[in-house]
Amino acid sequence: MFDPPVALASLSGRSDAEWAEGGGPFAGCAFLGGIALDDATRRAAQSMVERDRSEFLPSDPLAFVQRQLRAMDELPIRAGVNVRSAALAPIEDAAGRCQDHDAILEINAHCRQEEMCEAGAGQALLDRPEKLCRQVEAATATGATVSVKVRAEVDGVDLPTLAAKLERAGADAVHVDAMDSEHVVGEIADATGLFVIANNEVRDAESAHEYFRYGADAVSVGRASDDPDVLAAVRHATHEWFQTGAKP
């Protein structure tokens, strides 16, 4: 899906093409966003901004996505766009733009902020697998490559079972914030044929190799995605694991 198998994970209000360019020497993919696409999630994002969270709130979110993807076309790194929406049509529109640029459309079922969950997006989708699968189906109908960002340790949510449903709906990848349950990465890898991107506290060879032992296909770096020393260490760890055959 991308090479090297290191991704830059989206950071709300920070992850744009300029941010991706900084990580380009170390990563194979950069997930821009998250982008609130529809009225409900945009209202939620505005409320979050009012309590000092950083969010992208362009007047036209789809035009913003298009501009960012055009900028990413000039970079030697695959683009992904992390989106939040309670409605299907904006997801389909964003996926079409991603397909035009060979970018990955990533559906956000991860954001746990109260406003976003009340809008029916983010982590709230983990409790509504049918709705989440419909979003996947709408995105994949455009021909785009589709990932779903999920979070572990949500009460009542069996991620391996959910991931299998997402795979049947047409998803290509699952991006797992493992929290303190790293083993869930292995359970998802065993339960599906999805490309598994492991996220949470990826900082060095030890943390990257742990996820690879569980069967992750790639790892992603979040808060440290603008730290070249961390990115270089993770990049070296993936080369060590996949290219040299070393399995420390």
W241 and H209 aromatic ring geometry - parallel, tilted or perpendicular at 30°/60° bounds | tilted

Taking atom CD of E21 as the centre, report whether more than 12 heavy atoms of other residues, nucleotides or ligands fall under 6.0 Å from it.
-> no

From Q99 atom CD to E92 atom CD, the distance as rounded to the nearest 0.5 Å = 12.0 Å

So do the side chains of N82 and H175 get within less than 4.5 Å of each other, counting heavy atoms only?
-> no

Hydrophobic cluster membership, I107 vs I35, 4.5 Å side-chain cutoff = yes

Check step by step if side chain to side chain contact (heavy atoms under 4.5 Å, CB included) holds for D226 and R14.
-> CA-CA 10 Å; D226 57 0; R14 290 172 51 190; 3.1 Å; yes

Linking I/L/V/M/F/W/Y whenever their side-chain heavy atoms sit closer than 4.5 Å, directly or via other members, would L11 and M48 fall into one cluster?
-> no

Paired with H110, the side-chain contact (heavy atoms from CB on, under 4.5 Å) test is passed by just one of M116, R151, Q123, namely R151

Taking the inter-plane angle between the rings of F31 and F2 on a 0 to 90° scale, is it parallel (under 30°), tilted (30 to 60°) or perpendicular (over 60°)?
-> perpendicular

Can you find a heavy atom in the side chain of V184 that is under 4.5 Å from one in the side chain of Y214?
-> no

Any side-chain heavy-atom pair from C133 and K165 closer than 4.5 angstrom?
-> yes

Is the closest side-chain heavy-atom distance between F195 and D172 below 4.5 Å?
-> no

Side chain of Q68, backbone of D16: donor and acceptor closer than 3.5 Å?
-> no

Walk me through it: do L166 and L162 pass the test side chain to side chain contact (heavy atoms under 4.5 Å, CB included)?
-> CA-CA 6 Å; L166 299 175; L162 175 62; 4.2 Å; yes

Examine distances only and state if a side-chain atom of T192 and a backbone atom of A189 form a donor-acceptor pair shorter than 3.5 Å.
-> no

Closest approach of L231 to S225 (non-hydrogen atoms, all atoms of both residues) | CD1-O, 3.3 Å

Closest non-hydrogen atom pair, T142 against A95 | OG1-CB, 3.5 Å

Check: N199 and K149 side chains under 4.5 Å, non-hydrogen atoms = yes

Would you indicate whether E153, at its atom CD, is surrounded by more than 12 heavy atoms from other residues, nucleotides or ligands within a distance under 6.0 Å?
-> yes

Establish whether I197 and L159 are linked, either directly or via other cluster members, by ILVMFWY side-chain heavy-atom contacts under 4.5 Å.
-> no

Quick check: does any side chain N or O of E55 sit under 3.5 Å from a backbone N or O of A44, one acting as donor and the other as acceptor?
-> no

Could you please spell out the steps behind the side chain to side chain contact (heavy atoms under 4.5 Å, CB included) verdict for Q135 and L88?
-> CA-CA 6 Å; Q135 292 193 353; L88 289 179; 3.7 Å; yes

N200 (side chain) donor-acceptor with D177 (main chain) under 3.5 angstrom = no

Under 3.5 Å, is there a donor-acceptor pair linking the side chains of Q113 and R84?
-> no

Which heavy-atom pair separates A198 from V185 by the least distance, and what is that distance?
-> CB-CG2, 4.0 Å

Scan R53, R43, R42, R51 and name whichever one has a salt bridge (charged side-chain N to carboxylate O under 4.0 Å, His left out) with E115.
-> R51

Supply the atom-to-atom distance D102 CG to D73 CG, rounded to the nearest 0.5 angstrom.
-> 9.5 Å

Nearest heavy atoms of A20 and I77, plus distance in Å = O-CD1, 4.4 Å

Looking only at heavy atoms, the pair that brings L125 and K131 closest together is CD2-CD, 3.7 Å

Distance in Å, H239 NE2 paired with H236 NE2, rounded so as to fall on 0.5 Å steps | 7.5 Å

Measure the CG-CZ distance between D227 and R203 for me, rounded to the nearest 0.5 Å.
-> 8.5 Å

Can you hop from L32 to L105 via hydrophobic side chains spaced under 4.5 Å?
-> yes

Joint cluster assignment, M179 & V221, ILVMFWY side-chain distance < 4.5 Å = no

Between S181 and A152, what is the shortest heavy-atom contact and its length?
-> CB-CB, 4.5 Å

Hey, what do you get for OH (Y211) to CG (D217), rounding to the nearest 0.5 Å?
-> 14.5 Å

Can you tell me if R78 uses its side chain to pair, donor with acceptor, with the backbone of M1 under 3.5 Å?
-> yes

Does A87 offer a backbone N or O that forms a donor-acceptor pair with the side chain of S85 under 3.5 Å?
-> yes

So with a 6.0 Å cut-off around CD of Q46, is the heavy-atom count from everything else above 12?
-> yes

Check whether more than 12 heavy atoms from other residues, nucleotides or ligands sit under 6.0 Å from atom CD of E50, and answer yes or no.
-> yes

